[in-house]
There are 2 protein chains.
Amino acid sequence: MKKLDIFKKLRTSGLRPTKQRVEIAKFLFDREKTFHFTVESLEKHLTKKTNFKFALATIYNTVHAFKKAGHLNAVDVRGKKTYFDTNITNHHHFYDDETSELIDIDASEVVIQKIPRAPNGKKIKNIEVFINLKN
Amino acid sequence: MKKLDIFKKLRTSGLRPTKQRVEIAKFLFDREKTFHFTVESLEKHLTKKTNFKFALATIYNTVHAFKKAGHLNAVDVRGKKTYFDTNITNHHHFYDDETSELIDIDASEVVIQKIPRAPNGKKIKNIEVFINLKN
DNA sequence: TTTCTAGTTTATAATAATTCTAAAGTAAAA
DNA sequence: TTTTACTTTAGAATTATTATAAACTAGAAA
Ligand SMILES: [Mn+2]
Ligand SMILES: [Mn+2]
Ligand SMILES: [Zn+2]
Ligand SMILES: [Zn+2]
């Protein structure tokens, strides 16, 4: 991902390109593979990788702005912390309860043959499959 | 569900049949349809239905003992509160984000034709399908 | 029965994740 | 360069949950 794309992500999220935000955006979007994270784990990565200070509130605000703009997704996994996902395509997950680790499954790798129709007055927004793992 | 079954649920959870626990067990297990709840919503139902007082800690403790014994399941849905489910069979859910409402889908109503195999050294524990709804 | 004991309930404190606040700092318009 | 609106930050507030410890009670023992 090019530098310009980072700035585009910020702009389309309604965020000025401040020092902290640019670092957060670079860390999240300048990568090949999906990154699943919590605000806490992101903070640790950021302070390790850069020499800046990041207030938790800044990370929360920035991550939420990205999510609102559709540049990040939230994933529901057991536990108290909120997980975010840089993969914003429709996809599924392996989930390892013991390590709290998520692994992406491309939508094409899951084929569903039959589902019930939505309750009256409701429509299907999307389908999420979780394959829970054990050892 | 008969009164004796309530006591069995308590016994198999390692819980003495106290006034509060019997009321909680009756409320949760003496019903036809699945009940999805949070500790907070359960507390409201209990105080409305009975004339007893239920400390939140008692409800948390009792619900967790039932879960540990396999009489309740936890469901992962967006939001900060933990949801529990009286349906302990393998099944799936419709989920309405706007109302935070869960609706059961029997396992037989979902047929999956293809899934990837588990990562090396891991096995599949179970598969959960969430069908997210919109209006 | 009454007594005893381990287990239970409860109010309240502690903790953990997240959100709020308001003062000090900064990007970008004027 | 000055001004202005937006941003960062430390710390306070909030929310869900868990821990604590004193008062209470179910069931065993006497
Ligand atoms: Mn969750
Ligand atoms: Mn959740
Ligand atoms: Zn993912
Ligand atoms: Zn259910």
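Convention: sequence-line order gives letters A, B, ...; per-chain numbering from 1.
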Check: Atom CG of B:Leu10 and atom P of D:dG27: how far apart are they, to the nearest Å?
Finding: 11 Å
Next item on the list: Please state whether the phosphate of D:dA16, meaning OP1 or OP2, lies under 4.0 angstrom from any side-chain nitrogen or oxygen of B:Thr82.
Entry: no
Note to self: Rounded to whole Å, how long is the line connecting atom CZ of B:Phe84 with atom C1' of D:dA16?
What the structure shows: 11 Å
Note to self: Measuring centre to centre across the rings, with the benzene-like ring taken for any Trp, is A:Phe35 within less than 6.0 Å of A:His45?
What the structure shows: yes
Notebook entry, point to check: Can you tell which of C:dT10, D:dT8, D:dA16 lies closest to the side chain of B:Lys81?
Noted result: D:dA16
Next item on the list: For this output row, return yes or no: ring centroids of B:Tyr95 and B:Phe130 closer than 6.0 angstrom.
Entry: no
Next item on the list: State plainly whether the residues B:Glu109 and A:Lys114 are in salt-bridge range, i.e. N to O under 4.0 Å.
Entry: no
Next item on the list: Report yes if at least one side-chain N or O of A:Tyr60 is closer than 4.0 Å to OP1 or OP2 of C:dT19; otherwise report no.
Entry: no
Checklist line | DNA chain D contacts made by residues 36-50 of chain B, counting heavy atoms under 4.0 Å | finding: none
Note to self: Cation-pi check for B:Phe52 against B:Lys19: NZ or CZ below 6.0 Å from the six-membered ring centre and within 45 degrees of the axis, yes or no?
What the structure shows: yes
Margin query: Taking 4.0 Å as the cut-off, does a side-chain nitrogen or oxygen of B:Gln20 come that near to OP1 or OP2 on D:dT25?
Written below: no
Notebook entry, point to check: In terms of side-chain heavy atoms of A:His64, which of C:dT19, C:dT10, D:dT9 is nearest?
Noted result: C:dT19
Note to self: Just the rounded figure in Å: distance from C1' of D:dT15 to CG of B:Leu56.
What the structure shows: 12 Å
Next item on the list: For each nucleotide in nucleotides 20-30 of chain C, reading 5' to 3', give B when a protein heavy atom comes within less than 4.0 Å of its base, S when such contact involves only the sugar-phosphate, and - otherwise.
Entry: B------BS--
Next item on the list: Using the ring of B:Phe29 (Phe, Tyr or Trp, six-membered ring only), decide whether B:Arg31 places NZ or CZ under 6.0 Å from its centre and within 45 degrees of its axis.
Entry: no
Checklist line | Of A:Arg21 and B:Lys80, the one whose closest DNA chain D nucleotide lies more 5' | finding: A:Arg21
Margin query: Output the rounded distance in Å from CG (B:Asn61) to P (C:dT8).
Written below: 10 Å
Notebook entry, point to check: Can you check the B:Leu15 CG to C:dA6 C1' distance for me, whole Å?
Noted result: 15 Å
Next item on the list: Show your reasoning for whether side-chain contact (heavy atoms from CB on, under 4.5 Å) applies to B:Ile124 and B:Ile115.
Entry: CA-CA 11 Å; B:Ile124 291 175; B:Ile115 53 165; 3.7 Å; yes
Check: CD1 of A:Ile59 versus P of C:dT19: gap in Å, rounded?
Finding: 13 Å
Next item on the list: Could you state the atom-to-atom distance from CD1 of B:Ile24 to C1' of C:dT8 in whole Å?
Entry: 12 Å
Check: Considering all heavy atoms of both residues, which atom of B:Val75 and which atom of A:Arg78 are nearest to each other, and what is their separation?
Finding: N-NH1, 4.1 Å
Next item on the list: Pick out which of A:His92, A:His36, A:Lys33 makes a side chain to side chain donor-acceptor pair (under 3.5 Å) with A:Asp104.
Entry: A:His36
Next item on the list: Decide whether a cation-pi geometry holds between B:Lys9 and B:Phe66; the criteria are a distance under 6.0 Å from NZ or CZ to the six-membered ring centre and an angle within 45° of the ring axis.
Entry: no
